[in-house]
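Step one of this worksheet: look at the structure below.
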Amino acid sequence: MQKAFSPESFETRLYAWWMESKCFHAEDQSPKPAFSIAMPPPNVTGALHNGHALFVTIQDVLVRWKRMSGYNALWLPGTDHAGIATQMVVERELAKEGLKRQAMGRDAFLKRVWEWKEKSGDMIVEQMKKLGGSPDWDRLQFTMDPHLSKAVRHVFVTLFEQGLIYRGTRIINWCTRCQTALSDLEVKPTERKGHFYHLKYERTDGGAPLVIATTRPETLLGDTAVAVHPDDERYKGLVGKKVKLPLMNREIPVIADSYVDKEFGSGALKVTPGHDFNDYDIGKRHNLPVMGVFDKAGKINAEGKQYQGLSVTEAREKILADLETAELLVRTEDHLHSVGVCDRCERVAEPMVSEQWFMNVKPMAEKAIAAVRKGESLTLAEVEKRDDAIKIMPESWASTYYHWMENIRDWCISRQLWWGHQIPAWYCDKGHTTVSKENVSRCATCDSTSVRQDDDVLDTWFSSGLWPFTTLGWPEKTKAYNTFYPTNVMETGFDILFFWVARMIMLGMHFNEGKVPFKRVYLHAMVRDEKGQKMSKTKGNVIDPLDIIRDYGADAFRFTLSTMAGQGRDVKLSLDRIEGYKAFCNKMWNASRYVLMRLGHVASELPGDPIPKADFKKVTGGKPLADWVSENRADFHPLNKWILAELDKTITVVERGLEEFRLNESSQAVYDFVWGQYCDWYIEFSKELLGSVEHSARVGETQVCLMHVLEQSLKLAHPFIPFITEEIYQHLPERPGQKQGTPLMLASFPNASRYEGGERDIETVTVWKSAVDTLRAFRGENNISPKARPKVSYEVLNPKVGDQFIAGVPFIRALAQLETLAGETGDVDGELKRVEKDKQTTLADIEFTKAKLTKPTFIEKAPKELIDKEKDKLKALETKVAELDHALERLKKLK
RNA sequence: UGGAGUGUAGCUCAGCGGGAGAGCAUCCCCUUCACACGGGGAGGGUCGUAGGUUCAAUCCCUAUCACUCCAACCA
């Protein structure tokens, strides 16, 4: 084993070895219970970021743990074609070469995107490997693989036949830059500074003109009504009459609709059904004509008459100027309002009426809501046993989910892009539509052979919405499908709860006889920079995960992410923290190295080290260490019993944390145990145990315990820090029942033993530890040189603790670095001071406790156990004062 | 506008009804033969603010302030 811990020296080698040994492989069929996670497929738009690192870590921890716990564990990897995002990236690349997709043509363009996909997909896979991710790479899939594409068509055609997918002309969000329709989710409301314009609409009956406020004066070109609230006294007589649309020489009616807010603006609203979602609804209620005045490039069309050809912004300027001239612009105010912008390019999205494909999701949403409601009333364990309920964690997300699902609108699924699944609909020259799973060359209605496939592609989330089952071979009921559907855990970011998770639930239940696609959803938080800001290239605060791995190792990075992946809390990534966990890895490395030296299996650096080479076979009679330990534990030395008890406690905490997605608790427990108990105390105590003749009978037993506890710790830590634990494990000496060269990642995860006396064992050693602490504090406070080996005397005052203490004397002496623990004390003054101080605080404690116990309300109302506890405490404190008094007396005499 | 979350030591975070914890940072001592990515010691917090419930509140309730996020149809 190398002296220095250097992750780069083994990470790559071990990963390759795991791959060769097929350690990540999951069986399609197995007698073992199944556990599966469908990996959220990263977009093939480029490199991995910290958000990916977080999900890879969390999912890998869960999968490694389950795999070691005897499950046939499948983590199914893949990548997503990410329609708009990828097309945009490639278009940008092409622009550098002076190329445009329109000029290239569809086929040539797609060829380039595929090339990009190969490159980017490989890169992402490589990066996940660097992190130590253990998905079953043999099953790696891409959303546009032939099989998945076939499933997409199957779903499209089925939903079409069920009447849930239809083509219609409706108002949708349109990005004039990306030149495509967007779903509601792809439009992000953004605060923008704008103006509030008050315009005059003159009445045809010569009455006082109506004043109407708007932020978008250019849309007046498409106004087809003015609306007021039916109860608005100011406009009572006006409903049914007409007003003159400024500049357009058109008359439009005044209508009454309760959507209008009487308090807002002038209480009169211009209605533009062609370019506003609400106006569209109002228009439908009142049978208003829908007038589109922008074209798809965002230019005014022929309906805009004299403004035709102007862009939206140009038209606004011109119209305002013309209104001003016509004295129809009453006033202008500054106004901060939110506008919808394209999620991808941030250009303002234009609501526009257009013919698109839609999915009616309402019926599916109802079932999807019911499944989560059911999950809410069940525990995590109960939900695992069924296939009709979903538990969302952290639970606070459930209400957000309901709200969205209850108000869900039809999903616009067509996109005017080239990269994606082309819609399986064909139109013939007579205008008939044929929807089919197979390519169509003849119209199903009129047999015309002049057919053309719809140019558009499906929203990217259409195919990823099928991910948990299409990746298992669906619609065929494959062995893998039967084994792994429903999957157990969906672990992803809350930012795609609606985009993805909700749609998987709806489509999953719809196409799998009501069976949910996953039983538990764990939504992790965002990875931010150390100040809590979102990492973005423009802010320049992006930390590249590969840089972190290079500087600290994948394990330190993973451990950091695990400890910070507490529920519902953003991960603020700080390099200091990562460095701290690298130190932990280093500690683990060196502790292991020491243990191996002490077992005589690695050349000791101590000249003349008296410790014999550990012969486990002889000590345990050929039994595996774990078995031998549990059979003989009751007779072990208190120190060995104690560390085994601490180990049991740790295993329990680690397992509970993993079960409840509290990875931070689990990783913290591992850290505290390995460093705070095993290294800081047990190893130090063991030096005395192994090094002194007095305990020579305990050497074999202690060597077994050192080994056994180290091995269990490695297993416990493995899911979090797979590389270093595996590397150390491969250096462990031969043990009975243990085949050398088998990977740790396939070893079985520790179980807490059922041994009863653990608490008592812990108590004993706690007495020793606190004695050492006291002596060390005394040295520190009194500036006694670390080199000094003072002689210290002790006196047993409390016989109960006394026996425990006496057994620990040699160990306390060793750890406190004393010459003797029995003789005369060196510095009486200092000790007097310390004991005096201790007495004072103890007296204060007594006062506090007495006050509590003499309070009548406390005696009456507090639970009996607590009162007893307080009484016991008081007694103990009083005894302690008596002891301290005794000690003071003695010290004074010595002086 | 509505909903959710967060506010604890200088920093990053645990704890969440019975007298406040960790890591890092700071200060002091130590190159003791696994580890200076180390060992030992010390200092440091009226647990955002104000009320309330309770024998008892950092923890529960109410209000309030600050930050963050989510959902939104106010032109």
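Values reported hereafter were calculated over all heavy atoms of this structure, with side chains retained and with hydrogens, waters and symmetry mates removed. All chains are named by letter (A, B, ...) in the order of the sequence lines, taking the proteins before the strands, and each is independently numbered beginning at 1.
In this structure, A/Arg577 CZ and A/Thr560 OG1 are separated by 8.0 Å, a value rounded to the nearest 0.5 Å.
Looking at heavy-atom distances under 4.0 Å, A/Lys687 makes contact with a base. When heavy atoms are screened at a 4.0 angstrom cut-off, A/Pro351 is found touching no nucleic acid atom at all. If you check every strand for non-hydrogen atoms under 4.0 Å, A/Glu406 touches nothing.
Summarising the geometry, the separation between CD1 on A/Ile282 and P on B/C73 is reported as 13 Å, rounded to the nearest angstrom. The CG atom of A/Leu523 sits 17 Å away from the P atom of B/C69 (whole-angstrom rounding). Protein atom CH2 of A/Trp675 is 11 Å distant from nucleotide atom P of B/C37, rounded to whole Å. Atom CD in A/Glu579 sits about 19 Å away from atom P in B/C11, given to the nearest Å. In this entry the distance linking CH2 of A/Trp681 with P of B/G40 reads 8 Å, nearest Å.
Taking the side chain of A/Lys852 as heavy atoms from C-beta on, and the options B/A72, B/A34, B/G18, the nearest nucleotide is B/G18.
A donor-acceptor pair shorter than 3.5 Å cannot be found between the side chains of A/Asp257 and A/His229.
Residues A/Leu269 and A/Val228 are not in side-chain contact: their nearest non-hydrogen atoms beyond the backbone lie 4.5 Å or more apart.
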